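Some notes on the structure that comes next.
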Amino acid sequence: MIDGIRVSDEVAVIRYDGDRFASPLHRHARAQLLYAMAGVISVTTDSGTWVVPPSRAVWLPPDTDHVTTSHAGIRFRSLLIDTTGFDGVPDCCRVVEVTPLLRELILKLAALTETQGDRAVSEAVICLLMLELAFLPVQPLDLPAPTQAGLADLCDRIRSDPARAHSIAAAAAELAMSRATFMRQFKRETGMGFGRWCQQARMLHALPLLAEGRAILDVALDCGYDSPSAFAAVFRRSFGRPPSAYFRPPPAESVDRG
């Protein structure tokens with residue numbers, strides 16, 4: 001189910017608990033903080049794709065055109081926030097770690113949709129949430145999208161078939177560029193080297209599969225790795241945890257009050 005309700009003049013909450021989710025291209029006049037409680041959700045804009053696994057959230061500035069999708073069942077809470085008067089608000093999309101405090105603040109605002117809470121309480125929660133958000137580290141869960149047509153088409157094909165090997169030489173030849181020109185243009189368009197971008201595409205492809213409970217061997221092969229150990233080593237370097245533990249909730253988050 002999906003429903004939304006205004007908590008105050010500054011914040012509205014959207015709740016969704018259900019099967020696979022897909023939205024059309026849309027935008028919100030307010031900033032959005034989208035928190036994945038269970039499942040994995042992806043947010044795509046003209047600038048790239050942000051993947052949001054459980055215990056993370058994605059921040060979208062106001063008036064950002066985006067599409068939101070999930071690969072399987074999903075539970076999320078989305079806050080639409082009027083950021084007028086708040087300093088240090090991110091002006092670009094970013095995925096952030098949801099600390100225990102931020103989680104409680106999000107769930108408190110969601111709970112206020114079910115009661116006629118005190119306005120002073122909701123305003124205090126919103127202020128504390130914005131302060132906590134400002135100090136959170138950015139998570140490496142985004143995949144920048146190039147704007148140049150040839151590079152954009154190449155990246156779309158890589159994302160649709162991450163198991164296929166893509167060499168710099170073959171990519172450059174396909175776009176009728178020298179190796180040096182291709183590498184320079186790709187880095188300028190995405191801010192990442194081609195090899196690093198392909199690795200990130202594989203890692204972000206893996207997250208929804210792991211969230212669905214797929215075996216690590218199957219996920220490794222689906223992402224183009226020859227063995228689970230090779231896949232696990234890259235995954236750990238990328239996310240700081242092995243794939244077997246990535247979706248294991250910390251003890252403090254094991255009880256859901258949302």
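The residues of the chain are indexed from 1 along the displayed sequence. A quick note: this is a predicted structure, and the numbers were derived from the prediction, not measured.
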Next on the checklist: Could you check whether any side-chain N or O of S23 sits under 3.5 Å from a backbone N or O of T68, counting only pairs where one atom can act as donor and the other as acceptor?
Outcome noted: yes
Next on the checklist: Testing the basics here: between L109 and S122, what is the closest heavy-atom pair and its distance to 0.1 Å?
Outcome noted: CD2-O, 4.3 Å
Checklist entry - Within a radius of less than 6.0 Å around CG of D153, do more than 12 heavy atoms belonging to other residues, nucleotides or ligands occur? => result yes
Checklist entry - What are the two closest non-hydrogen atoms of R75 and D17, and how far apart are they? => result NE-OD1, 2.7 Å
Checklist outcome for this item: salt bridge (Lys or Arg N to Asp or Glu O under 4.0 Å) pairs touching residues 45-56, sequence neighbours excluded, are R56-E97
Checklist outcome for this item: Sorted by chain and number, sequence neighbours left out, side-chain contact (heavy atoms from CB on, under 4.5 Å) with A57 holds for L33, Y35, V96, V98
Item to check | Qualifying residues under side-chain contact (heavy atoms from CB on, under 4.5 Å), relative to A211, sequence neighbours excluded | outcome: V40, F247
Checklist entry - Does the side-chain contact (heavy atoms from CB on, under 4.5 Å) test come out yes or no for R103 and T99, once each step is laid out? => result CA-CA 6 Å; R103 169 186 163 83; T99 64; over 6 Å; no
Item to check | Distance, nearest 0.5 Å, that separates CD1 of I126 from CG of L129 | outcome: 8.0 Å
Next on the checklist: Once side-chain contact (heavy atoms from CB on, under 4.5 Å) is applied, do any residues pair with A232, and if so which ones, sequence neighbours excluded?
Outcome noted: P243
Next on the checklist: Applying salt bridge (Lys or Arg N to Asp or Glu O under 4.0 Å) as the test, list every pair that has at least one member in residues 162-175; sequence neighbours left out.
Outcome noted: R157-E174
Checklist entry - Under the salt bridge (Lys or Arg N to Asp or Glu O under 4.0 Å) test, which residues partner D65, sequence neighbours left out? => result R27
Checklist entry - At what distance, to the nearest 0.5 angstrom, does OG of S167 lie from CZ of R179? => result 8.0 Å
Next on the checklist: Working note: L175 + L151, criterion side-chain contact (heavy atoms from CB on, under 4.5 Å); need CA distance, chi angles, decisive distance, verdict.
Outcome noted: CA-CA 8 Å; L175 297 178; L151 292 177; 3.5 Å; yes
Item to check | Hydrophobic cluster membership, I106 vs L131, 4.5 Å side-chain cutoff | outcome: no
Checklist entry - Who passes side chain to side chain donor-acceptor pair (under 3.5 Å) against D218, sequence neighbours left out? => result none
Next on the checklist: side-chain contact (heavy atoms from CB on, under 4.5 Å) for C93 and V43? Distances and angles first, verdict last.
Outcome noted: CA-CA 9 Å; C93 295; V43 175; 5.9 Å; no
Item to check | Partners passing side-chain contact (heavy atoms from CB on, under 4.5 Å) against P144 (at least two apart in sequence or in another chain) | outcome: D142, T190, M192, W197
Checklist outcome for this item: d(F21 CZ, I41 CD1) to nearest 0.5 Å is 6.0 Å
Checklist entry - Between S178 (side chain) and T181 (backbone), is there a donor-acceptor pair under 3.5 Å? => result yes
Item to check | Qualifying salt bridge (Lys or Arg N to Asp or Glu O under 4.0 Å) pairs with a residue from residues 183-208, counting only residues at least two apart or across chains | outcome: none
Item to check | Which atom of G39 lies closest to which atom of P54, heavy atoms considered | outcome: O-CD, 3.1 Å
Next on the checklist: Let me confirm one number: the CZ-OH distance from F235 to Y246, rounded to the nearest 0.5 Å.
Outcome noted: 6.0 Å
Next on the checklist: Ignoring hydrogens and geometry beyond distance, is a side-chain donor-acceptor pair present between S78 and R15 at under 3.5 Å?
Outcome noted: no
Checklist entry - For residues 166-185, which residue pairs qualify under ring-ring contact (aromatic ring centres under 6.0 Å, His included), counting only residues two or more places apart or in two chains? => result F182-F186, F182-F194
Next on the checklist: Just so I know, are the side chains of R94 and V58 near enough to count as touching, which here means a heavy-atom distance under 4.5 Å?
Outcome noted: no
Next on the checklist: Is the shortest side-chain heavy-atom distance between V67 and P24 below 4.5 Å?
Outcome noted: no
Checklist outcome for this item: Looking only at heavy atoms, the pair that brings V125 and K108 closest together is CG2-CG, 3.9 Å
Checklist entry - Is a side-chain N or O of S238 found less than 3.5 angstrom from the main chain of V234, in a donor-acceptor match? => result yes
Checklist entry - Would a 4.5 Å heavy-atom cut-off, applied to side chains only, mark P146 and C155 as touching? => result yes
Checklist entry - Hey, what do you get for CG (L105) to CG (L128), rounding to the nearest 0.5 Å? => result 4.5 Å
Item to check | Pairs flagged by side chain to side chain donor-acceptor pair (under 3.5 Å) wherever residues 219-230 is involved - sequence neighbours left out | outcome: H205-D222, S227-S229
Next on the checklist: Ignoring hydrogens, what is the shortest heavy-atom contact between W59 and C92? Give both atom names and the distance.
Outcome noted: CD1-O, 3.7 Å
Checklist entry - Any side-chain heavy atom of V11 sitting closer than 4.5 Å to one from D82? => result no
Item to check | CA sep, side-chain torsions, deciding dist, call: F76, M37, side-chain contact (heavy atoms from CB on, under 4.5 Å) | outcome: CA-CA 5 Å; F76 68 76; M37 300 176 66; 5.7 Å; no
Checklist entry - With ILVMFWY side chains joined below 4.5 Å, transitively, what does L221's cluster contain besides itself? => result L217
Item to check | Shortest non-hydrogen contact between L143 and A201, atoms and distance | outcome: CD1-N, 3.7 Å
Item to check | T64 versus T45, side-chain donor and acceptor atoms under 3.5 Å | outcome: no
Checklist entry - Angle class for the H28/H26 ring planes (parallel below 30°, perpendicular above 60°, tilted otherwise)? => result perpendicular
Next on the checklist: Could you go through T49 and T44, starting from their C-alpha distance and side-chain angles, then the distance that decides it, and tell me whether this counts as side-chain hydrogen bond (donor to acceptor under 3.5 Å, both in side chains)?
Outcome noted: CA-CA 4 Å; T49 296; T44 300; 3.1 Å; yes
Item to check | Spatial distance of atom CG (L60) from atom NE2 (H66) [nearest 0.5 Å] | outcome: 5.0 Å
